[in-house]
Number of protein chains: 2
Amino acid sequence: MAERAHRSPATPRPVVPLSEVEEGSPAQRERRRRILEATLALATKGGFDAVQMRAVAERAGVALGTLYRYFPSKVHLLVAGLAHELSRVLERIERAPVPGATAAERVLLVLHRNTVALQRDPHLTEAMTRAFMFADTSVAEEVRQVSRLTERMLTHAMGVEEASDEDKDIARVIGDVWLSNLVAWVTRRASAEDVENRLALTVRLLLSARDR
Amino acid sequence: MAERAHRSPATPRPVVPLSEVEEGSPAQRERRRRILEATLALATKGGFDAVQMRAVAERAGVALGTLYRYFPSKVHLLVAGLAHELSRVLERIERAPVPGATAAERVLLVLHRNTVALQRDPHLTEAMTRAFMFADTSVAEEVRQVSRLTERMLTHAMGVEEASDEDKDIARVIGDVWLSNLVAWVTRRASAEDVENRLALTVRLLLSARDR
DNA sequence: GCCGGAATTGCAACGTGTTCTAGTATTGGC
DNA sequence: GCCAATACTAGAACACGTTGCAATTCCGGC
């Protein structure tokens, strides 16, 4: 990745809070929005390799240095984009209870919908998945945010009132398996059907006990 | 990753079979061995970033071009190193049945031993995990090999005579969770204890039904 | 031993992520 | 409206993965 040794940044990162940002002047929020938009567009068109920092900056109409001020690396940028998208999805999902008689059914429905949506934009999925998996400790905060969002999505689907620790653990395991399968799909080691089957198996094994 | 568009290589990759190589002249096997050795040494010392192609080539005593002839990219190199190590581990494991009264116990034992071993060399683990997760389609074959080795290790631990499809599926799910947790540990999102706990939970949920 | 092809070497060059610098614009406080 | 601080811009420069190339060495068949 041609990283020079990270020094303590001369241009300190502005306080960009983790969730949807209301930080900064309107002009700054607008810049941030345009940067993420450019990122998504480039990722959708050509995947991870097409998200080139110079290209993102140009497309967003900001200087390269400014891009780095908002997002300290390409991986930060892509993972932030993932978190952004995910939080939009979650917002929609949480507005209503998930249909389905059992937790297993509901979780599978949510997984299925998301998987289908992701497979509709394979390049975008590839870009985000690879960034997420390549992230090192410096991106831990953004990665954690994505994990939390995923967990919330799955516990919501499970339909528990207040998620217990075990509920959360199970949600995390399902999330792990989901991600692994997404990676396998992205690298063409698994077909869409494989992914659905493996998710179904996992959910069945993990959740069948809780549904009578 | 500073990849130029991959063209069909002017220097074709020599036929390096997937498993332990007996291909090529003794000098070639020796070069390959030295390259992998250098890779492991550098990875152990400084992780993914320290495995620099020029450094690997120098340490192995080959020209940069030769290194690329043996391994067409840094990720190939690291994943091949992972497969190499894994196959050595598997060889040892398969020599004897795994002790333990139940499949769950045996699987946990194997996971535990490996996890402890991996955590002893955190940089090496980081390098290999990140390469594995970052691998794109061009590395699919090597990645698949690693998956197969992991699956074999886990089905062996499960102790089934001839692994059924469901056995393999379960082994794969456990492997997925294991990997996710390794990644979380590498990026310091999970402690060693977290990893053990989550593996225990997963194995319990997935395997408790099969042990009477 | 000798030949031709393949492998290896040493090194230059290129692309893209990242950093740095000097100058210009914006902004918030008064 | 003015000042200082902060943000932004353009562009150069650097690191490292990767590729290209000309010269040399090695190897298998004779």
Side-chain angles (χ1 to χ4, degrees), chain A residues 1-16 23-32 34-35 39 42 46-58 60-78 127 130-131 134-136 138-139, chain B residues 1-16 23-32 34-35 39 42 46-58 60-78 127 130-131 134-136 138-139:
Chain A
M1 188 122 257
E3 286 172 78
R4 201 177 299 181
H6 271 256
R7 21 137 234 198
S8 58
T11 51
R13 186 166 165 207
V15 189
V16 254
E23 204 74 13
S25 72
Q28 285 173 324
R29 270 181 290 162
E30 170 61 13
R31 266 187 216 103
R32 192 185 146 96
R34 271 185 288 127
I35 289 173
T39 303
L42 289 169
F48 188 88
D49 290 346
V51 180
Q52 301 189 354
M53 300 305 270
R54 289 169 180 85
V56 171
E58 185 177 5
V62 302
L64 189 55
T66 304
L67 173 53
Y68 273 96
R69 169 178 281 270
Y70 282 74
F71 300 96
S73 80
K74 173 168 173 172
V75 171
H76 281 84
L77 174 59
L78 279 165
R130 288 184 64 206
F134 192 60
D136 67 4
S138 73
V139 202
Chain B
M1 186 117 260
E3 287 172 78
R4 201 177 298 180
H6 271 255
R7 25 137 229 196
S8 58
T11 51
R13 185 166 165 209
V15 188
V16 254
E23 204 76 13
S25 71
Q28 284 172 326
R29 271 182 289 165
E30 170 61 12
R31 264 186 217 105
R32 193 186 146 96
R34 270 185 289 131
I35 290 173
T39 304
L42 289 169
F48 188 88
D49 289 347
V51 180
Q52 301 190 355
M53 299 306 267
R54 290 170 178 85
V56 172
E58 185 178 4
V62 301
L64 190 55
T66 304
L67 173 52
Y68 274 95
R69 168 178 280 269
Y70 281 76
F71 299 96
S73 80
K74 174 169 173 171
V75 172
H76 281 84
L77 175 59
L78 280 164
R130 288 184 64 206
F134 193 61
D136 69 2
S138 73
V139 202

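Protein chains get the first letters and strands the later ones, always in sequence-line order, with residue 1 at the start of each. Predicted model, so just to flag it, every value in this text is computed and none were measured.
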Name the residue closer to the 5' end of DNA chain D, choosing between B:Ser25 and B:Val51 according to the nucleotide with the nearest heavy atom.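 The 5'-side residue here is B:Val51.
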5' priority, DNA chain D, between A:Leu67 and A:Leu64 [closest heavy atom]: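 Upstream on the strand: A:Leu67.
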Could you tell me whether A:Lys74 sits above the aromatic face of A:Phe48, with NZ or CZ closer than 6.0 angstrom to the six-membered ring centre and within 45 degrees of the axis?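 The answer is yes; both the distance and angle limits are met.
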The side chain of [X] lies closest to which of these nucleotides: [options]?
X: B:Ala63; options: C:dG10, C:dG17, D:dT18; value: C:dG10
X: B:Ala27; options: D:dC27, C:dA13, C:dG17; value: D:dC27
X: A:Tyr68; options: C:dT8, D:dA7, C:dT19; value: C:dT19
X: A:Gln52; options: C:dT16, C:dT8, D:dG17; value: C:dT16
X: B:Met53; options: C:dT18, D:dT18, D:dC8; value: D:dT18
X: A:Gln28; options: D:dT18, D:dC8, C:dT18; value: D:dC8

Using OP1 and OP2 only, check whether a side-chain N or O of B:Arg69 sits under 4.0 Å from C:dA7. yes
Less than 4.0 angstrom between a side-chain N/O of A:Tyr70 and OP1 or OP2 of D:dC8, yes or no? yes
Side chains of B:Leu64 and B:Arg54, heavy atoms from C-beta outward: is any pair under 4.5 Å? yes
Would A:Glu30 and A:Arg34 count as a salt bridge (Lys or Arg N to Asp or Glu O under 4.0 Å) here? Give the steps. CA-CA 6 Å; A:Glu30 170 61 13; A:Arg34 271 185 288 127; 3.5 Å; yes
Considering every strand and a 4.0 Å limit on heavy-atom distances, what is the contact class for B:Arg31: base, sugar-phosphate, or nothing? sugar-phosphate
Rounding to an integer number of Å, can you tell me how far [X] [atom1] sits from [N] [atom2]?
X: A:Lys74; N: D:dC16; atom1: NZ; atom2: P; answer: 18 Å
X: A:Phe71; N: C:dT19; atom1: CZ; atom2: P; answer: 16 Å
X: A:Leu77; N: C:dT18; atom1: CG; atom2: P; answer: 10 Å
X: B:Arg54; N: C:dC14; atom1: CZ; atom2: P; answer: 14 Å
X: A:Asp136; N: C:dT18; atom1: CG; atom2: P; answer: 10 Å
X: B:Phe48; N: D:dA15; atom1: CZ; atom2: P; answer: 19 Å
X: A:Leu42; N: C:dT16; atom1: CG; atom2: P; answer: 13 Å
X: B:Glu30; N: C:dT8; atom1: CD; atom2: P; answer: 13 Å

Looking at every heavy atom in both B:Ala131 and B:Val75, which two are closest together, and how far apart are they? O-CG1, 3.5 Å
Considering all heavy atoms of both residues, which atom of B:Val62 and which atom of B:Leu67 are nearest to each other, and what is their separation? CG2-N, 4.2 Å
